[in-house]
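Below, read A as the first sequence line, B as the second, and so on, with proteins coming before strands; counting in each chain starts at 1. Since the model is a prediction, treat every value here as computed from it, not as a measurement.
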Protein chains: 2
Amino acid sequence: MTEYPVGSVRTTARVVRALEDNREAGVTELADELNVSKASVHNHLTTLERLGVVVSDAGRYRLGLRFLDIGIGVRDGMELHRIARPEVDGLAQSTGEATALVVPEHNEAVYAAVETSSRNDRRIRLGSRAPLHATAAGKVVLAYRSREAVEEYVETVGLDPETDRTISNRSELHTELRSVTDRGLAFDRGELFDGMRSVAAPVRRGDDTDALAGALTVLGPAERLSGKRLEEDLPGMVLSAAKRVELELAD
Amino acid sequence: MTEYPVGSVRTTARVVRALEDNREAGVTELADELNVSKASVHNHLTTLERLGVVVSDAGRYRLGLRFLDIGIGVRDGMELHRIARPEVDGLAQSTGEATALVVPEHNEAVYAAVETSSRNDRRIRLGSRAPLHATAAGKVVLAYRSREAVEEYVETVGLDPETDRTISNRSELHTELRSVTDRGLAFDRGELFDGMRSVAAPVRRGDDTDALAGALTVLGPAERLSGKRLEEDLPGMVLSAAKRVELELAD
DNA sequence: GAGTGTGTTTCCTGTTACTGAACAGATTTT
DNA sequence: AAAATCTGTTCAGTAACAGGAAACACACTC
């Protein structure tokens, strides 16, 4: 058994990945980039096109919008999203900042819902992914894991520094996570993007285990997120919103 | 050469499709549903999980949010989207109705951007797809195609009736499309959903050929979309918004 | 009109993706 | 509590086929 039981699917994934980066590409171009024969690339592309996932136009190929269809479907299918969505919207309105529902997946923080108070403020992209140790929401996710699970994260993912404020050593991370569980809140002060701060509160599944379902978060520029607003006002709002989601999630 | 040059990818796609419908499933469940051996399903699932596209939890499998990531990336990468987005938002604000940017893909109308004036009004889903002959935006798409291309659409896709007002015969479609090109505008009066109406205007690529890039559309309940508002006011707004997009698209 | 791109097709072969069956847990039934 | 019956997972063998090389077709350029 190799790493990928169905090898050809892996090749397909590489083709998709390449199209994701290049936005549009030709057969030879992809063949060179991926070190695969032209014929093989061609086969994968026509397969993908038949499947309605890729669009071809005059010998150029690009990804179609079926991914969006599937992705939104997956997102809308999450009960956490259904319940948390109104709170995300409400938070955006009451705080005047960007807000999001963040969900852990494959050791990354995924923005499953994003809302902004002012339109055309698209700094955080829906569906984008960030490292767990460099965002408030991500730290919430880590904080509610066992110490071994956190160690495993450090081991496999590593603590790559995104800015010069990113937590990048093990002990610092552990003390930070301790403070997160203590307060039931996490902060990020320019640890992912310079001049960008965020607050996040956990949403736990009340039912069986107290496993973490996700996190609500508020994000904004350091100029606006500071002092009492950052330390007290926003935390209070995020926390109570998260609590409401937990309650409704429990039933 | 068979229908799908890389057959195993087709199986993978079927697995993904099944997960899309079932939201969550086990191995045997999928194996039965797809008439494939358990082992094979298992192989595909672990491959997909390794690729970060599927999430497994206690023997249950479900699609992850990577599709959303890719999909939004594709969408944001479209220059038409970049340019049309502000107009879609502006239309939502000025009309007070739901608005969208629609793009043709694989003979379907895809909602590439959706905006609503009031929050939590999520009737049309981002990324969802509708038949070309049953929506205002779709009729715009068809109208700017050659007659043979329209015939080909009727042949391959067919004119399935979605409601009792859906255009479902060839000649009716052709006269309708004629009126669309004449006025540069398309209407839909409950042809996709009962009680739902929409107006759409074309966005054409000015540059080389006058190929259609997409359409802007306004949607709402029949009670609000009727009379002079439906016939004159909204058309005027959609049309001028579409013109502005065309202009900026030309440079 | 030769030359260099492109995407597409063909053909062959070594790989591998599938199946059927055995295995290992967990849960339920008796 | 043990047996029966679900799971998901692993294993081994074979028939299918995915991938590579090269020829092809077509569009450009020079």
Side-chain angles (χ1 to χ4, degrees), chain A residues 1-64 105-106 207-209 211, chain B residues 1-64 105-106 207-209 211:
Chain A
M1 186 206 339
T2 84
E3 186 138 23
Y4 296 89
V6 187
S8 42
V9 173
R10 207 240 157 169
T11 308
T12 297
R14 297 213 303 144
V15 170
V16 170
R17 192 86 224 288
L19 284 177
E20 211 183 336
D21 296 339
N22 298 12
R23 179 178 313 187
E24 184 180 89
V27 175
T28 22
E29 194 177 338
L30 291 173
D32 292 348
E33 188 172 330
L34 303 174
N35 272 74
V36 185
S37 73
K38 275 200 299 179
S40 185
V41 170
H42 186 256
N43 282 338
H44 282 272
L45 285 174
T46 53
T47 302
L48 287 169
E49 196 200 0
R50 293 268 216 305
L51 291 170
V53 167
V54 151
V55 178
S56 77
D57 179 38
R60 308 289 295 173
Y61 291 85
R62 60 174 200 277
L63 297 183
E105 190 178 294
H106 283 287
D207 223 12
D208 40 350
T209 58
Chain B
M1 186 207 337
T2 84
E3 187 138 22
Y4 296 89
V6 186
S8 41
V9 172
R10 206 238 158 175
T11 308
T12 297
R14 297 213 304 142
V15 170
V16 170
R17 193 89 226 289
L19 284 177
E20 211 183 336
D21 296 340
N22 298 13
R23 180 179 313 185
E24 185 181 90
V27 175
T28 21
E29 194 178 339
L30 292 174
D32 291 349
E33 189 172 331
L34 302 175
N35 272 72
V36 185
S37 71
K38 277 201 297 178
S40 185
V41 170
H42 186 256
N43 282 337
H44 282 271
L45 285 173
T46 54
T47 302
L48 287 170
E49 197 199 1
R50 292 265 215 308
L51 290 170
V53 168
V54 151
V55 178
S56 78
D57 179 39
R60 308 289 297 173
Y61 291 84
R62 60 175 200 277
L63 297 183
E105 188 178 296
H106 283 287
D207 223 12
D208 40 352
T209 58

Student: For a quick test of reading the model: is some side-chain N or O of A:Tyr61 closer than 4.0 Å to OP1 or OP2 of C:dT8?
Tutor: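 Answer is yes, contact under 4.0 Å.
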Student: Between A:Glu33 and A:Arg17, does at least one N-O distance fall below 4.0 Å, as a salt bridge requires?
Tutor: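 Salt bridge absent between A:Glu33 and A:Arg17.
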Student: Base, sugar-phosphate or nothing for A:Ser40? Non-hydrogen atoms, less than 4.0 Å.
Tutor: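 The answer is sugar-phosphate, as A:Ser40 gets under 4.0 Å only of primed atoms, P, OP1 or OP2.
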Student: Taking OH from A:Tyr4 and C1' from C:dC18, how many angstroms apart are they, rounded to a whole number?
Tutor: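 It works out to 21 Å between those atoms.
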Student: Rounded to the Å, how far apart are B:Asn43 CG and D:dT9 P?
Tutor: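 Between P of D:dT9 and CG of B:Asn43: 11 Å.
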Student: Does CZ in A:Arg60 sit with more than 12 non-hydrogen atoms of other residues, nucleotides or ligands closer than 6.0 Å?
Tutor: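 Counting other residues, nucleotides and ligands, CZ of A:Arg60 exceeds 12 neighbours.
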Student: Using whole Å, report how far NE2 of B:His44 lies from C1' of D:dG8.
Tutor: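 Taking NE2 of B:His44 and C1' of D:dG8, I get 17 Å after rounding.
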Student: Please confirm whether any donor atom in the side chain of A:Lys38 sits under 3.5 Å from an acceptor in the base of D:dG20, or the reverse.
Tutor: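 Donor-acceptor pair under 3.5 Å: no.
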Student: Can you tell me how far P of D:dG19 sits from CG of A:Leu34, to the nearest Å?
Tutor: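 It is 12 Å, rounded to the nearest whole Å.
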Student: Within the structure, does a side-chain N or O atom of A:Thr46 lie under 4.0 Å from either OP1 or OP2 of C:dT8?
Tutor: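 No, no such contact exists.
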Student: Measure CZ/A:Arg10 against C1'/C:dT15 and give the value in whole Å, please.
Tutor: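 It is 17 Å, rounded to the nearest whole Å.
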Student: Atom CG of A:Leu45 and atom C1' of C:dT8: how far apart are they, to the nearest Å?
Tutor: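 Rounding to the nearest Å, CG of A:Leu45 and C1' of C:dT8 are 12 Å apart.
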Student: Hey, which sits more toward the 5' end of DNA chain C by its nearest nucleotide, A:Gly7 or A:Ala39?
Tutor: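 Result of the comparison: A:Ala39.
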Student: Is the shortest side-chain heavy-atom distance between A:Arg62 and A:Asp57 below 4.5 Å?
Tutor: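 A:Arg62 vs A:Asp57: side chains touch.
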Student: Closest heavy-atom contact between B:His106 and A:Val54?
Tutor: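 Nearest pair, atom of B:His106 first, then A:Val54: NE2-O, 3.0 Å.
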Student: Does D:dG19 have OP1 or OP2 sitting under 4.0 Å from an N or O in the side chain of A:Thr11?
Tutor: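 Yes, such a contact exists.
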Student: If you compare every side-chain N and O of B:Thr28 against the phosphate oxygens of D:dC6 (OP1, OP2), does one of them come in below 4.0 Å?
Tutor: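 No, outside the criterion.
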Student: Tell me: CG of A:Leu30 to P of C:dG7, nearest whole Å?
Tutor: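 Nearest whole value for this atom pair: 9 Å.
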Student: Identify whether any heavy atom of B:Ser37 sits under 4.0 Å from a base atom; if not, whether one sits that close to sugar-phosphate; answer base, sugar-phosphate or nothing.
Tutor: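 Result for B:Ser37 = base.
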Student: Using atom CZ of B:Arg60 as one end and atom C1' of D:dT9 as the other, report the distance to the nearest whole Å.
Tutor: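 Value for this atom pair: 16 Å.
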Student: Which distance, rounded to the nearest 0.5 Å, do you find between the OH of A:Tyr61 and the OG1 of A:Thr46?
Tutor: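 With rounding to 0.5 Å, OH (A:Tyr61) is 6.5 Å from OG1 (A:Thr46).
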Student: Does C:dT8 have its OP1 or OP2 closer than 4.0 Å to a side-chain nitrogen or oxygen of A:His42?
Tutor: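 Indeed, a polar side-chain atom of A:His42 lies that close.
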